Amino acid sequence: MITLFGIAGSLRKASYNAGLLRAAVELMPENAQLEAATIEGIPLYNADVETAEGVPDVVERIKDRIAAADGLLLVTPEYNNSIPGVFKNAIDWISRPPEDRIRVFKNRAVGIIGASAGPHGTVFSQTAWLPVLRTLAMRPWFGKLLYVNGAMKLFDSSGNLIDDAIRSRLKSYLEGFVAFVRENR
Ligand SMILES: Cc1cc2nc3c(=O)[nH]c(=O)nc-3n(C[C@H](O)[C@H](O)[C@H](O)COP(=O)(O)O)c2cc1C
């Protein structure tokens, strides 16, 4: 069994990216499962808080779940052609302290997908993640790309993915990513 851990990088209730992640959970190939997580409850990173209190429990739990998974799936929105601050903040906390980075991130397979309202479907934010993944020494998969643009026509008002063509592309992305994870485990 291949296990993936997925994080949607939005706090919006009807988030397209949370909806894309929910659809991914449903569309996983056989003998593979995806656990979906949110960034809710992760405070703003503050080095003084880390020094005084350590890493928050909510972050430690996510670190442990990533470390227990075979691969990580980032489902990223896009703000101003880059990574939304709330999502970057979450990964910044998850990357603390540096001694834990090897356990949590190093050589772990990672896929990136995302949905946005604009015409480019998160191509810029997905690209902006790459230096972060390099710094964390992760192993990104580039075998397929999934940039979901014009999201308001593809998701309902609760953020559920209702477009069959995108569902089918998502399924194919997951098949490829899981095969990569299996080969690199
Ligand atoms: C500050 C801000 C900047 C945005 N910039 C972009 C952008 O550069 N490209 C884009 O396609 N959509 C942009 N959007 C629209 C988002 O795609 C849209 O808010 C989307 O719903 C965010 O993802 P979510 O539904 O998962 O929260 C922006 C939205 C905000 C609030």
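Positions are given from 1 along the sequence. Basis for what follows: all heavy atoms, side chains included, without hydrogens, waters or symmetry-related copies. Small disclaimer: the values here were computed from a predicted structure and weren't measured. Numbering of ligands and ligand atoms starts at 1, following listing order.
Here Phe124 and Trp129 keep their ring centres 6.0 angstrom or further from each other.
Annotation: ligand 1 has protein neighbours Ser10, Arg12, Ser15, Tyr16, Asn17, Pro77, Glu78, Tyr79, Asn80, Asn81, Ser116, Ala117, Gly118, each with a heavy atom less than 4.0 angstrom from the ligand.
Annotation for Ile102: atom CD1 does not count as buried by contact number, only 12 or fewer foreign heavy atoms lying within 6.0 Å.
Within the structure, the salt bridge (charged side-chain N to carboxylate O under 4.0 Å, His left out) test picks out the following pairs touching residues 73-92 (sequence neighbours left out): Lys88-Asp92. For the salt bridge (charged side-chain N to carboxylate O under 4.0 Å, His left out) condition, the pairs that include at least one residue of residues 39-54, sequence neighbours left out, are Glu50-Arg96.
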Side chain to side chain contact (heavy atoms under 4.5 Å, CB included) between Val148 and Leu154, intermediate numbers included: CA-CA 9 Å; Val148 180; Leu154 311 173; 3.5 Å; yes

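Looking at residues two or more places apart in sequence or on another chain, you find a side-chain contact (heavy atoms from CB on, under 4.5 Å) between Arg65 and Phe5, Glu35, Ala37, Ile62.
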